[in-house]
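A short write-up of the structure that comes next.
Reminder, nothing fancy here: chain letters follow the sequence lines and each chain counts from 1.
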Amino acid sequence: MLKFTDERLGNLLGLLKRRGILAPAFEIHGGAKGLYEYGPIGGRLLRNLSNQWVEHFTSLGDIVEISSPTVTPYAVLEASGHVGEFTDSTVTCIECHAISRADHLLAEELNPDNLTSSQLSTIFLDNPPECPECGSTKWSEVTTTNLMFNTNLGIASSAKPAFLRPETAQGMFTSFSSIYRHFREKLPFGAMQVGKGYRNEISPRQGMIRLREFNMAEIEYFIDPNIPKYERDFESNHKIMMVPEDGEEREYTIAEALEKGIVKHAVVGFFLAETVSFLIDIGIDLSLLRLRQHQTNEMAHYAQDCWDVELFGSYGWIECVGVAHRGCFDLEAHEKATNQRLRAWRDFSEPKEVSKKGWTIDGSRAGPAFRQHSPAVKTYVESLPEETEFPQVYHIGKEELLIAEEHVKRIDIKNTINGEWFLPHVVEPAFGLDRIMWHIIDHAYFQQEKEGSAYHSLRLSNLVTPMNCAVFPLFDKDGMGEMAKTIHKSLNKLSNFSSFYDASGSIGRRYARADEIGIPFCITIDHQSLDDESVTIRYRDSGEQERLSIGKLEAFLR
RNA sequence: GCGAAAGUAGUGUAGUGGUUAUCACCGGGCGUUGCCAACGCCUGAACCCGGGUUCGAGUCCCGGCUUUCGCACCA
């Protein structure tokens with residue numbers, strides 16, 4: 001069992017920065033809070049993580065990947081509710097002018113997330129907490145601040161307000177119609193997107209846990225609300241720690257949780273199961289994972305069942321994935337704002353016949369005849385039963401209008417209604433890739449004592465490891481260097497495979513360098529290799545070695 | 001940024017100020033055929049947005065937005 005201490009965290013952060021994995025961004029200019037950069041090793045890790053994510057969820061068969069812009073017009077995020085709702089409550093310290101998040105300064109049992117800013121203001125007057133910067137207890141009014149980055153599309157007078165997107169989801173909702181058509185107009189189906197999101201967090205903290213620019217991966221999975229139970233097969237017999245809304249923390253399999261009604265919706269359960277198996281595949285420790293159900297009062301108002309996948313690491317339990325049943329909120333919101341239909345069609349089991357017989361006006365005759373009374377005449381005529389005979393007298397105010405046969409015509413409309421349009425519901429699994437990345441690394445990091453000094457290794461999953469193997473010549477002489485380079489080059493050419501070449505320093509030092517960045521195998525070319533075309537394979541996690549002929553290398557590494 | 005033109009189903013389009021807005025391809029269902037845009041029946045889908053004129057606006061006027069094309073700018 002891993003022990004997450006401050007000392008370990010410090011060592012790990014040092015390693016990440018030293019080895020080009022992860023570091024605060026723009027440090028030579030003094031850095032910028034909430035922005036991190038991935039280096040040469042970290043960049044590959046992130047790429048592998050996002051590829052694995054796409055691969056895992058597209059292989060379910062009914063989810064497609066799209067890509068929409070990060071710069072998003074005002075109207076889109078106004079419709080989605082972000083302009084009005086995507087806010088934090090802030091207070092300013094009157095002594096030192098530091099701005100803090102109001103809810104973070106208050107004790108948790110007050111449940112500050114659910115209070116209005118005036119309720120919060122009252123608390124800050126009656127029971128002021130200390131300013132974390134200067135210790136003062138004088139506070140300004142609590143105000144709400146929108147967390148989206150403002151920008152403009154266009155310049156000067158042609159500028160139109162826009163935001164950097166706070167989530168990728170809206171792009172999937174706004175292109176619903178084209179995805180619906182792609183799926184031959186049949187539910188269920190999903191769309192996914194991997195990309196950057198931006199939130200102007202008031203106080204980015206905890207390393208890279210709360211970022212202002214971050215990588216997210218989201219799925220919007222659309223379902224018919226009339227189908228009460230989607231039968232979905234999933235392989236997940238794992239016992240998973242769950243913290244239900246108002247129950248005890250306990251281990252269940254997803255199937256058990258569904259049976260007991262703890263997980264309320266089958267599709268939510270399905271994605272929780274898929275999410276957990278994905279996380280295990282990429283190296284998350286199941287014993288450091290739990291599923292936490294949102295309290296009813298904590299859920300966004302549109303959500304019907306909402307679970308967080310929380311991972312435990314150096315910063316405690318951190319929400320890394322959310323799986324939310326969002327009902328039809330988003331599609332409905334965009335539909336209202338745009339008057340576009342964002343619906344799916346469902347046939348009735350029996351077509352319905354609707355007929356209307358009666359009268360209406362002949363506009364080309366009645367219009368000129370009745371002029372401004374024409375709309376009233378039309379309403380009147382259409383209210384008459386079909387057996388009415390003309391002429392008819394119609395009183396409007398003091399006037400008396402004679403409606404002749406030439407002013408009207410019969411209508412005889414028969415319609416068959418075969419089905420109806422409905423708003424699909426959506427289940428949204430949303431992954432914070434940077435947070436998952438952090439926990440992959442945090443769970444993979446092992447430090448040991450080796451001959452008195454600290455020895456670090458990242459036991460990364462082979463699915464995400466930034467370098468698949470390392471090739472070392474035992475000595476860079478007698479042709480070993482050339483042989484190693486040849487092997488390195490041919491392995492590096494394999495697709496989705498990268499080999500790391502290192503010829504400097506002692507062999508032990510090179511193994512250590514490889515372990516630090518999570519390379520699973522080191523291939524060493526020694527004197528014997530020159531004679532019999534065999535090499536040494538050395539395993540990262542056990543340190544054990546075996547010999548293998550060069551011809552079998554490729555098959556072995558795959 | 002300047003100038004011009006155009007915005008009607010998913011696509012391409014028709015539409016004298018007055019029907020339930022035309023047609024084709026397209027999409028969905030069923031049938032037939034059985035292997036690379038076949039056929040038949042049923043069915044789904046649109047007047048860019050906002051004002052104005054009018055009894056009545058897809059149609060006329062004004063404004064906005066978007067697109068296309070020139071010119072300018074930028075890469």
Measure from the side-chain N and O atoms of Thr465(A) to the backbone N and O of Asn462(A), and report whether any donor-acceptor pair falls under 3.5 Å.
no

Taking a pair as Watson-Crick or G-U wobble with both distances under 3.5 Å, which nucleotide is matched to rG31(B)?
rC39(B)

Whole-Å P distance, rG12(B) and rG7(B)
12 Å

Between Phe183(A) and Phe222(A), does the ring centroid distance fall short of 6.0 Å?
no

Distance between the C1' atoms of rC39(B) and rU32(B), in whole angstroms?
8 Å

Please report the distance, rounded to the nearest Å, between CD in Gln372(A) and C1' in rU54(B).
12 Å

How far does the P atom of rU22(B) sit from the matching atom of rG58(B), given to the nearest Å?
14 Å

Taking for Pro375(A) and for Thr416(A) the nucleotide of RNA chain B with the nearest heavy atom, the one nearer the 5' end belongs to Thr416(A)

May I have the distance from Phe183(A) (atom CZ) to rC26(B) (atom C1'), rounded to whole angstrom?
19 Å

Would you say the ring centers of Phe163(A) and Tyr74(A) fall short of 6.0 Å from each other?
yes

Dump the intermediate steps for ring pair (Phe, Tyr, Trp, His ring centres under 6.0 Å) on His407(A) and Phe370(A), then the final yes or no.
CA-CA 10 Å; His407(A) 296 137; Phe370(A) 304 120; 4.7 Å; yes

Mind checking the P distance from rG64(B) to rC2(B)? Whole angstroms is fine.
11 Å

Length of the CD-C1' vector between Glu420(A) and rU43(B), whole Å
15 Å

Distance check needed: rG27(B) C1' versus Arg341(A) CZ, whole Å only.
13 Å

Determine the Euclidean distance between corresponding C1' atoms of rG15(B) and rU59(B); express it in Å to zero decimal places.
9 Å

What integer number of Å spans the P atoms of rG1(B) and rU54(B)?
35 Å

Taking the six-membered ring of Phe422(A) as reference, does the cationic atom of Arg346(A) (NZ for Lys, CZ for Arg) lie under 6.0 Å from its centre and within 45° of its axis?
yes

RNA chain B: 5'-proximal contact among Trp345(A) and Phe370(A) (nearest heavy atom)
Trp345(A)

If we take the C1' atom in both rC23(B) and rA14(B), what is their distance in whole Å?
7 Å

What is the distance from CZ of Phe189(A) to C1' of rG27(B), rounded to the nearest Å?
13 Å

Partner lookup for rA9(B), please. Criteria are Watson-Crick or G-U wobble with both distances under 3.5 angstrom; report none if nothing qualifies.
none

Applying the Watson-Crick and G-U wobble criteria at under 3.5 Å, what pairs with rC74(B)? Answer none if nothing qualifies.
none

Check for me whether Lys196(A) meets the cation-pi criterion with Tyr198(A), that is, NZ or CZ under 6.0 Å from the six-membered ring centre and within 45 degrees of the ring axis.
no

Return no unless some side-chain N or O of Trp421(A) is found under 4.0 Å from OP1 or OP2 of rA45(B).
yes

With rounding to the closest Å, how many angstrom separate the C1' atoms on rC49(B) and rA6(B)?
16 Å

Taking the ring of Phe329(A) and the ring of Phe173(A), is the distance between their centroids below 6.0 Å?
no

State which of rU43(B), rA46(B), rU66(B) makes the closest approach to the side chain of Lys160(A).
rU66(B)

Rounded to whole Å, how long is the line connecting atom CG of Leu401(A) with atom C1' of rC55(B)?
12 Å

Distance in angstrom units between Leu187(A) CG and rG29(B) C1', rounded
15 Å

State which residues pass ring-ring contact (aromatic ring centres under 6.0 Å, His included) with Trp438(A); sequence neighbours excluded, sorted by chain then number.
Tyr315(A)

Tell me the interatomic distance from Leu342(A), atom CG, to rG44(B), atom P, rounded to whole angstroms.
20 Å

With B for base contact, S for sugar-phosphate-only contact and - for none (protein heavy atoms under 4.0 Å), nucleotides 6-24 of chain B reads ----B-------B-B----

Sort out the partner of rC55(B) for me: Watson-Crick or G-U wobble, both distances under 3.5 Å, none otherwise.
rG18(B)

Let's test this: given Watson-Crick or G-U wobble pairing with both distances under 3.5 Å, identify the partner of rU68(B).
rA4(B)

Quick one: look up who rG44(B) pairs with, Watson-Crick or G-U, both distances under 3.5 Å, and put none if it's unpaired.
rC26(B)

Run the ring-ring contact (aromatic ring centres under 6.0 Å, His included) test against Tyr38(A) and tell me which residues pass, sequence neighbours left out.
none

